[in-house]
Amino acid sequence: MRTRRTIPVLVGCCLLLVAGSPAAAADVSSPDPGGIPPLTDDRGRTLTLRGWNVEDKSNRGEQALSAITEKHFRDMRAKGFNFARLLIFWDDLEPRQGRYSQTYLRKAERILDWAERYGIQVLIDAHQDVFGPAFGHRGIPEWATRTDGLPFTPHPDDWFSEYFEPAVQRAFTHLYEDEDLRDAQARMWRVLADRFEHHPAVLGYDLINEPMGELRTGEDLPTAARRIERDQLTPMYNRLADAVRSADDDNWVFVEPTPIVGEGVPTGLGKVKDPKVVYAPHFYNAAMEAGADYDPAAGWIESYEAAVTAYPKEQKIPVVVGEWGPLNNSLPNMPRFYREALTSLHRYSSGWAGYVWCYGTGYCAVDGRGRFRTNKEQTAAPYAAAVAGRVGADAYDPATGTYGLEYRASRRPDATEISLPPSAAGWRIAVDGPAWTSTRTVAAGRSCLVRVLARPGARITVTVTVGVTPRTPG
């Protein structure tokens with residue numbers, strides 16, 4: 001089995017200057033996964049993924065993926081992120097049945113090359129919104145859309161409600177149940193896995209974004225979601241995992257529940273029979289998506305965490321949250337939302353991808369000048385990108401600007417990697433135990449990937465504190 005380069009080996013720090021205020025993040029305590037295993041690389045290191053979705057939903061055909069540039073990855077890395085969820089659309093990949101666009105694959109490969117250059121690991125996501133272009137969105141090709149003549153009425157002011165239109169619901173049923181469409185979806189994944197199996201930036205494959213289905217008469221939404229997950233999504237994921245494995249036996253496969261999990265409804269997914277499965281729910285609240293402020297008294301984060309952790313505990317698989325982040329991030333309670341959300345995510349997940357890395361308004365992470373939009377600066381904080389050993393404690397306290405990592409080094413010598421975002425005051429790094437570190441200080445305004453090499457089996461404590469002690473002249 002080949003050894004994946006999860007992050008390029010860097011001695012010293014990135015020399016990318018970023019203007020802005022000191023890094024801030026949630027008060028994150030030591031992880032207590034309660035039986036959820038961590039994500040690991042091929043060297044056995046415990047991984048933490050912090051990053052953003054990267055997309056081009058506007059352009060199609062010859063212009064597809066043109067909105068994604070090298071700047072996206074350079075800027076993400078400069079702010080300390082190491083992960084991107086790349087949206088790929090089946091309707092662009094296979095616009096005519098059986099005709100796969102080599103131009104689209106080359107463009108996707110160029111994006112992966114940029115990610116590799118900046119040490120960003122990529123999850124390739126087969127994305128769909130409201131099924132696909134037959135309903136004015138992106139995803140499943142029109143030639144694979146069957147509606148049995150049922151009606152569809154657009155809802156431009158509430159696009160998510162379009163999932164409940166009869167034609168859209170029937171299209172999902174045909175995708176799950178019609179043998180020729182099953183085979184076409186599997187072939188699509190074989191094409192992607194065969195093309196990108198050996199690309200160093202690729203971490204895994206998200207088999208379908210936010211899958212939905214058809215409600216039966218008299219069924220409420222939670223009941224329907226659990227049935228769809230149990231009877232249609234579970235077999236689909238097993239089929240698609242087999243398709244991926246026919247070309248790629250190394251990368252992770254990511255599986256999602258229906259979006260209904262966002263309302264605190266446990267998934268009905270069954271076992272996906274693959275040795276490298278990641279559970280990849282999304283973290284959205286319907287009220288906040290409609291523009292409401294965060295309501296701490298509603299207990300939504302608590303109910304979501306309880307619901308979303310049951311399945312990975314049972315299946316003993318890692319969790320990576322594939323999308324999260326409210327549309328209106330500047331409402332009065334949003335500072336608290338980001339603190340509490342990041343704290344919760346750290347408790348049970350191996351990482352997350354915020355939605356979305358773009359330069360503007362709405363969901364965009366940063367503005368046109370590349371500065372974090374209100375409250376989103378909390379997503380940039382120190383973290384252990386890869387730990388060569390067993391993690392004992394892993395915590396960042398934004399109030400003091402202190403990050404701490406405790407671990408017992410593995411028996412095989414390897415590097416632990418700690419990612420530090422830019423801070424206006426810089427960083428100091430201290431190591432307690434028999435270990436060597438690539439740097440002890442990070443200058444103001446610079447991100448850094450700190451490498452720690454420890455004596456095998458040793459107990460190591462790494463402490464990172466905001467602020468660089470000035471040198472004494474002479």
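The closest side-chain heavy-atom distance from Arg50 to Trp352 is below 4.5 Å. The shortest distance between side-chain heavy atoms of His127 and Glu210 does not fall below 4.5 Å. Proximity of Pro259 to Met212: side-chain heavy atoms (C-beta onward) are separated by under 4.5 Å at one or more points. Between Met334 and Met288, the closest side-chain pair of non-hydrogen atoms falls below 4.5 Å. For the pair Pro38 and Ser350, the minimum side-chain heavy-atom distance is below 4.5 Å. Between Leu86 and Ile88 the shortest side-chain heavy-atom distance falls below 4.5 Å. No side-chain heavy atom of Pro281 sits under 4.5 Å from any side-chain heavy atom of Glu256. The closest side-chain heavy-atom distance from Asp250 to His198 is not below 4.5 Å.
For Glu109, the salt bridge (charged side-chain N to carboxylate O under 4.0 Å, His left out) partners at least two apart in sequence or on another chain are Arg195. Not counting sequence neighbours, the partners of Arg369 by the side chain to side chain contact (heavy atoms under 4.5 Å, CB included) test are Asp367, Arg371. Partners of Arg373 under the salt bridge (charged side-chain N to carboxylate O under 4.0 Å, His left out) rule, at least two apart in sequence or in another chain, do not exist in this structure. Gln315 is linked by a side chain to side chain contact (heavy atoms under 4.5 Å, CB included) to Lys271, Tyr311, Ile317, counting only residues two or more places apart in sequence or in another chain. Every residue was checked against the salt bridge (charged side-chain N to carboxylate O under 4.0 Å, His left out) condition with Lys273, not counting sequence neighbours, and none meets it. Evaluation of the side chain to side chain donor-acceptor pair (under 3.5 Å) rule for Tyr104 yields no partner, not counting sequence neighbours. Listed by chain and number, the residues in a side chain to side chain contact (heavy atoms under 4.5 Å, CB included) with Ala384 are Val387, Tyr403, Leu405 (sequence neighbours excluded). Under the salt bridge (charged side-chain N to carboxylate O under 4.0 Å, His left out) criterion, Arg60 pairs with Asp91, not counting sequence neighbours. For Thr463, there are no side chain to side chain donor-acceptor pair (under 3.5 Å) partners at least two apart in sequence or on another chain.
Using modelled atom types, one finds no donor on one side chain facing an acceptor on the other under 3.5 Å when comparing Thr402 with Arg428. Side-chain N/O atoms of Glu229 and Thr234 include no donor and acceptor closer than 3.5 Å.
Of the inter-residue distances, the one linking Glu197 atom CD with Asn251 atom CG reads 7.5 Å to the nearest 0.5 angstrom. Going from atom OH of Tyr205 over to atom CZ of Phe254 covers 11.5 Å, rounded to the nearest 0.5 Å. To the nearest 0.5 Å, atom CD1 of residue Ile120 and atom CH2 of residue Trp52 are 12.5 Å apart. With values rounded to the nearest 0.5 angstrom, Glu417 atom CD is found 8.5 Å from Asp41 atom CG. One finds the CG atom of Leu203 at 9.5 Å from the CG atom of Asn82 (value rounded to the nearest 0.5 Å). In this structure, Leu87 CG and Asp206 CG are separated by 9.0 Å, a value rounded to the nearest 0.5 Å.
Here the side chain of Thr416 pairs a donor or acceptor atom with the backbone of Ala388 at under 3.5 angstrom. The backbone N or O of Pro421 lies less than 3.5 Å from no partner atom in the side chain of Ser447, so there is not a single donor-acceptor pair. Here the side chain of Trp189 pairs a donor or acceptor atom with the backbone of Leu207 at under 3.5 angstrom. Under a 3.5 Å cut-off, the side chain of Arg455 and the backbone N or O of Pro434 do not form any donor-acceptor pair. For the pair Ser66 (side chain) and Gln63 (backbone), a donor-acceptor distance under 3.5 Å is present. For the pair Tyr338 (side chain) and Asn329 (backbone), a donor-acceptor distance under 3.5 Å is absent. A donor-acceptor pair under 3.5 Å links the side-chain atoms of Lys107 to the main chain of Ala64, judged by distance alone. A distance-only check finds no donor-acceptor pair linking the side chain of Ser349 to the backbone of His346 [under 3.5 Å]. Remark: the backbone N or O of Arg43 is paired with a side-chain donor or acceptor of Arg412 at under 3.5 angstrom. Without hydrogens or angle criteria, Asp56 side chain to Ile68 main chain gives no donor-acceptor distance under 3.5 Å.
Ring orientation note: the planes of His282 and Tyr284 are nearly perpendicular, at an angle over 60° on the 30°/60° scale.
Residues Asp249 and Arg245 are not paired through a salt bridge, judged by the lack of any N-O separation under 4.0 Å between the basic side chain and the carboxylate. A salt bridge links Lys71 with Asp75; the closest basic N to acidic carboxylate O contact falls under 4.0 Å.
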* Test Ile208 against Gln128 for side chain to side chain contact (heavy atoms under 4.5 Å, CB included), laying out the working first. => CA-CA 7 Å; Ile208 187 171; Gln128 66 80 30; 4.2 Å; yes
* Take Lys57 and Asp129 through the salt bridge (charged side-chain N to carboxylate O under 4.0 Å, His left out) test and state the conclusion after the steps. => CA-CA 10 Å; Lys57 291 186 176 182; Asp129 291 318; 2.8 Å; yes
* With side chain to side chain contact (heavy atoms under 4.5 Å, CB included) as the test, would you mind laying out the steps for Asn53 and Trp357 before giving the verdict? => CA-CA 6 Å; Asn53 283 261; Trp357 192 271; over 6 Å; no
* Check against side chain to side chain contact (heavy atoms under 4.5 Å, CB included), His72 and Trp114 -> CA-CA 9 Å; His72 286 68; Trp114 291 332; over 6 Å; no
* **salt bridge (charged side-chain N to carboxylate O under 4.0 Å, His left out) assessment of Arg459 paired with Glu406** => CA-CA 7 Å; Arg459 292 185 180 275; Glu406 298 176 9; over 6 Å; no
* Begin with the C-alpha distance, continue with both residues' side-chain angles, and end with the deciding distance and a verdict on side chain to side chain contact (heavy atoms under 4.5 Å, CB included) for Val54 and Val356. => CA-CA 6 Å; Val54 176; Val356 53; over 6 Å; no
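More than 12 heavy atoms of other residues, nucleotides or ligands sit less than 6.0 Å from atom CZ of Arg440.
Applying the side chain to side chain donor-acceptor pair (under 3.5 Å) test to pairs two or more places apart or on separate chains, those with a residue in residues 287-297 are Glu289-Tyr363, Tyr294-Glu340. Among residues at least two apart or in separate chains, there is no disulfide (SG to SG under 2.5 Å) pair with a member in residues 36-84. Sorted by first and then second residue, the disulfide (SG to SG under 2.5 Å) pairs with a member in residues 312-411 read Cys358-Cys364; sequence neighbours excluded.
The cationic atom of Arg138 (NZ for Lys, CZ for Arg) lies less than 6.0 Å from the six-membered ring centre of Phe89 and within 45° of the ring axis. Annotation: cation-pi geometry satisfied between Lys79 and Phe372 (NZ/CZ under 6.0 angstrom from ring centroid, within 45° of ring axis).
Residues Trp90 and Tyr100 place their aromatic rings such that the two centres sit no closer than 6.0 Å.
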